[in-house]
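From a predicted model like this one, the values you see are computed outputs, not experimental measurements.
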Amino acid sequence: MQNRRIIRRSIWPILRGYATEALGIFESGTKPKLIFGTEIYFRALLYHGLDTDVEKLRTGGNMINNLFLSLSTTAAILMCLTGCASMPEDPIEKEVFLEANDPLEPMNRAFFAFNTGFDKVILEPTAIVYRKFVPQPGRAAITRFLHNLKLPSTFINNLLQLEFGHATHTMTSFVINSTFGLGGIFDLVEGDNREEDLGQTFATWGLNEGFYLVIPFYGPSNLRDGLGLIGDNLLDPWSLRLNTDQTKILKANRTVIGAVNTRERLIEDVQNVRETSIDIYAVMRSLYRQKRGNDIRNGAPPPAPTFVFE
Amino acid sequence: MHFYLKGFIHNFSAWAIIFFFLASPIKPATADALLAEAFVKDLSQEAVSILSDHSLTDDQLIVKFSRFVSHGFDVPVVGRFALGPYWRAANETQKLEYMDVFFDYIVKTYANRFRQYKVVSVTVNSSRDINNNETIVSSLLVRQAAESINLDWHVRRSDKTDTYKVIDVLFEGMRLGLTLRDEFSTVIRNGGGDLTVLIEDLNSRNKQIMQR
């Protein structure tokens, strides 16, 4: 274990070294004339090589990460064709650019605007109506019911994360709540009721979050969680079983009710952010990143920040 | 023989004294954490009493709350952290101007937000030391007819004055300081790297909050 850690810590700086060297070539006057696609490829590669986040440094640098790097680079090229912010020249600007970890900002902002419009016209009004007509106990029961439906995929992710203790708890909750708890309407098992998804599993395997991503209709995400989302959909036992026409309707209903139910709980919070922020997009990005960090650490305290100013 | 023994004892007691000083913690951590908890307890009670006093007009509330903020929070530290790398690039006039607007922004935003939260009471649960003079105190905001919120206070003890100040707060694990930093640096960067853009934005935001 100790050895692995040492290897991790030594390999990653070497990789970083190469990247920094490449950046030197890229940024010096002798910048080679690259064709459009290659330049973006370079940029994406450098961008990932230069991740300065200490937390990422600690977890990064293994085989999976290298694979992930090439995958994410390819994805970056594809997406850069639709809108990509370029790496700034100024050192301070560059620092901020890297800290934001959002090379696709123009595209993301477009999707964010779209999602905000969708929310204001359809989702938020629906959530307000839902709050008006379904009383609090009913909403809480629906939340528990939907939570129970997610337990099988949480169970799979528990196993993938080698968290056998929590896997047992998840399975017990699912079995007891589904039967005696009438399909999860009543939560009879006490304890840690967190949900796990593939994005979190990837993170425990040491994968970096990749760049920030806003997905239309879905909202904030990042490359890792976005890939996880696809995988989760495939892994979800309900998806495997629910493939007839009738059950497809059930699944769609579950998605819609889930979205409205979640949105209802966030009415005040979103309103607050909208009222007090100068740049709502940047605030949402920050909050999403911090929230995911908490989920991945299973609620353990975040790494102590360093209040370095200069 | 006698002489040697005396020397040994002498030596031993000297070692014992050294050992005693090494083994006993210079600053007992538990006492420190308790002090930090007591500080947060007082501070949160003050906040609740100000914000739940509905006889105050908006202006009176702002005055009272800003006194509370400057007493309990290290606003310059929060402001500098929120500006990120751009603090270095700013000149002295800009820094002063920014700090002024930032203080107003914090006071107005959070007076407004906490009032909306309808906090009935704050219970301090636990605390953990980060380093010699920084502690995170965990508390629970109990709200009227709504789910409680986990609020952590990142406090720092000043060695000079031996007093505590809050340097960050965490809502459900999400840091206010970090969120502000991400937001502000994005605003400045998209405004062409000019701090005045942020100052203007904060100013107009402050006026809007006042009008409501």
By a 4.5 Å heavy-atom criterion (distance strictly below it), what part of [X] contacts chain A: side chain, backbone, both, or neither?
X       : result
Y110(B) : neither
F171(B) : neither
N190(B) : side chain

(Q) Against the six-membered ring of Y105(B), is R205(B) placed for a cation-pi contact (under 6.0 Å from the centre, within 45° of the normal)? (A) no

Q) Between R189(B) and E93(A), does at least one N-O distance fall below 4.0 Å, as a salt bridge requires? A)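 Result for this pair is no, no salt bridge flagged.
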
Q: Tell me, out of D90(A), I280(A), I278(A), L287(A), who's got the most heavy-atom pairs with chain B below 4.5 Å.
A: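 Heavy-atom pairs under 4.5 Å are most numerous for I278(A).
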
Q | Among H154(B), R156(B), R175(B), the one residue meeting side chain to side chain donor-acceptor pair (under 3.5 Å) with D168(B) | A | R175(B)

Q: Measure distances from D295(A) to the heavy atoms of chain B and classify the residue's part below 4.5 Å as side chain, backbone, both or neither.
A: neither

Q | Per-residue contact mode, R289(A) against chain B (heavy atom under 4.5 angstrom) | A |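 Contact with chain B: none, neither part.
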
Q. Among L178(B), L180(B), L198(B), which has the most heavy-atom pairs under 4.5 Å with chain A?
A. L178(B)

(Q) Please determine whether side-chain hydrogen bond (donor to acceptor under 3.5 Å, both in side chains) holds for the pair N157(A) and T201(A), giving the CA-CA distance in whole Å, both sets of side-chain angles, and the decisive distance to 0.1 Å. (A) CA-CA 6 Å; N157(A) 280 299; T201(A) 303; 2.7 Å; yes

Q) Taking only residues two or more places apart in sequence or in another chain, which ones pass salt bridge (Lys or Arg N to Asp or Glu O under 4.0 Å) with R109(A)? A)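 Testing R109(A) for salt bridge (Lys or Arg N to Asp or Glu O under 4.0 Å), a comparison that skips the adjacent residues, returns E105(A), D279(A).
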
Q | Ring centers of F114(A), F111(A) separated by less than 6.0 Å | A | no

